[in-house]
Visitor: 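So that we are looking at the same thing, I have put the structure below in structure tokens.
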Amino acid sequence: MLAPPRLLPQSLYLHIPFCKRRCFYCDFAITTGGENLKQQYVDILCQEIALTVQEIPPREKLRTIFFGGGTPSLLTVAQVSQILDAIAKYFQIAIDAEISLEANPGTVSTESLRGYRRLGINRISLGAQAFQQELLDVCGRGHSVAEIYEAVDAIQKSGFENFSLDLISGLPHQSMQDWRDSIAAAIALQPTHLSVYDLTIEEGTAFGKRYQSGDTPLPTESHTVEMYLTAHELLPAAGYRHYEISNYAQTGYEAEHNLTYWHNQPFYGVGMGATSYLQRQRIDRPRKMREYLDAICQWQTTGLGFTAPIVTDAEELMDTLMQGLRLAEGLSLHSLQATYGRELCDRVLQVLTKYEDQQWVKFVQQDQDIRIMLVPPDSWLFSNIVIADLYENLVTD
């Protein structure tokens, strides 16, 4: 079910920007800095945690903590421990909290993973991306197929019951058979969760300089659609529920932290390039290391933290629709009306009812409520059309 509207923040995202190298498709805020910079960054990150809670004290226990990146598994167990100690000093953490850490093959061992698990990390998200060495090389991944299997073996030997794998479709030179083989290989490893992303060519990345969307050797649009539909067919048949546009999970293993975003709930975010959503402000941290470090030092000195404009009701409703319609469960009309009022919600319904006849949108009676849902898989493939229509009617008036 959809979480209640406007909860107090119960999630914390920490951005760990370190990578061995930048993948050719990546436009995330990362750095390839060395060991001294890593420790300096961990120290500053812990300072930001303290400054953040001084400004906006937590009033609820944390239910999710997410170490994202970058490659958080490049941090030592001692460094992750230092960060978790800082969190525990200022937050209460729910006993059943989901605490996730992203990792790349070639950066973890049974020893390091056992160390993370002793600290309370209980979910690993592993970036596999493909199971063909030539495709990994084309992407600049910097690890081998063998290291994917070694990482999964270490995850399982370390006692992690909850782990996710990432796959990317639409890669240069990727055939349909490659894609089917990658899905089959992923299923065979029995992760509890799978994230399946379609390649996006971002400006400024190595791929952005090398390719234009639709150019050979990128798969054609019809092939990428076929890849999406293939995943939608094969993964549910193997026991993975397609619960969000790009995500599949075994029952009970949905990504709780990401549900915070998809439910458009507030969350703490700290670290270089991180975003927080607190007190109806979406605040972005600097994406460059020096600028981020200087900003935290200035915050300490002046007491003036990060700020951003207040999100309006129409903007927040648009965000709620854009995120919530990604979910198979859809959105509660009663909840939307209670939070944003009937006038704004009537404008939403006027837009969405246009898509009923082509079976992109459905309205499902549920007890005393109506759930608004996009109808997979076709509506998820064309969700940008629906979202653009909503945006034009809600935000650009």
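Numbering of residues begins at 1 and proceeds along the displayed sequence.
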Visitor: Look at the aromatic rings of Y41 and Y292 and report parallel, tilted or perpendicular, splitting at 30° and 60°.
Guide: tilted
Visitor: List the atom pairs, with distances to 0.1 Å, where a side-chain N or O of residues 53-63 and a protein N or O form a donor-acceptor pair under 3.5 Å, not counting sequence neighbours.
Guide:
{"from": "R63", "atom 1": "NH2", "to": "D96", "atom 2": "OD1", "distance (Å)": "3.1"}
{"from": "R63", "atom 1": "NH2", "to": "D96", "atom 2": "OD2", "distance (Å)": "3.0"}

Visitor: Around R117, counting heavy atoms of other residues, nucleotides and ligands shown, do more than 12 lie under 6.0 Å from its CZ?
Guide: no
Visitor: How close do F18 and L74 get, counting heavy atoms only, and between which atoms?
Guide: O-CD1, 3.6 Å
Visitor: So does F28 have more than 12 non-hydrogen atoms from other groups sitting under 6.0 Å from CZ?
Guide: no
Visitor: Do Y240 and H242 have a side chain donor and acceptor closer than 3.5 Å?
Guide: no
Visitor: Tell me which pairs pass salt bridge (charged side-chain N to carboxylate O under 4.0 Å, His left out) where either residue lies in residues 225-239, with sequence neighbours left out.
Guide: none
Visitor: Just distance, no hydrogens or angles: give the donor-acceptor pairs under 3.5 Å from side chains in residues 149-156, sequence neighbours left out.
Guide:
{"from": "D153", "atom 1": "OD2", "to": "K157", "atom 2": "NZ", "distance (Å)": "3.1"}
{"from": "Q156", "atom 1": "NE2", "to": "L189", "atom 2": "O", "distance (Å)": "3.3"}

Visitor: Side-chain donor-acceptor contacts of residues 357-365 below 3.5 Å, not counting sequence neighbours, with atom names and distances?
Guide:
{"from": "Q365", "atom 1": "NE2", "to": "D367", "atom 2": "O", "distance (Å)": "3.1"}
{"from": "Q365", "atom 1": "NE2", "to": "D369", "atom 2": "O", "distance (Å)": "3.2"}

Visitor: Could you list all the salt bridge (charged side-chain N to carboxylate O under 4.0 Å, His left out) pairs where at least one residue sits in residues 27-49, not counting sequence neighbours?
Guide: E35-K38, E48-R285
Visitor: Going through the checks in order, is the side chain to side chain contact (heavy atoms under 4.5 Å, CB included) test met by I296 and F306?
Guide: CA-CA 9 Å; I296 302 303; F306 301 111; 3.9 Å; yes
Visitor: Scan for salt bridge (charged side-chain N to carboxylate O under 4.0 Å, His left out) pairs involving residues 172-191, sequence neighbours excluded, and state none if there are none.
Guide: none
Visitor: List the atom of L135, the atom of A130, and the distance in Å for their closest heavy-atom pair.
Guide: CB-CB, 4.1 Å
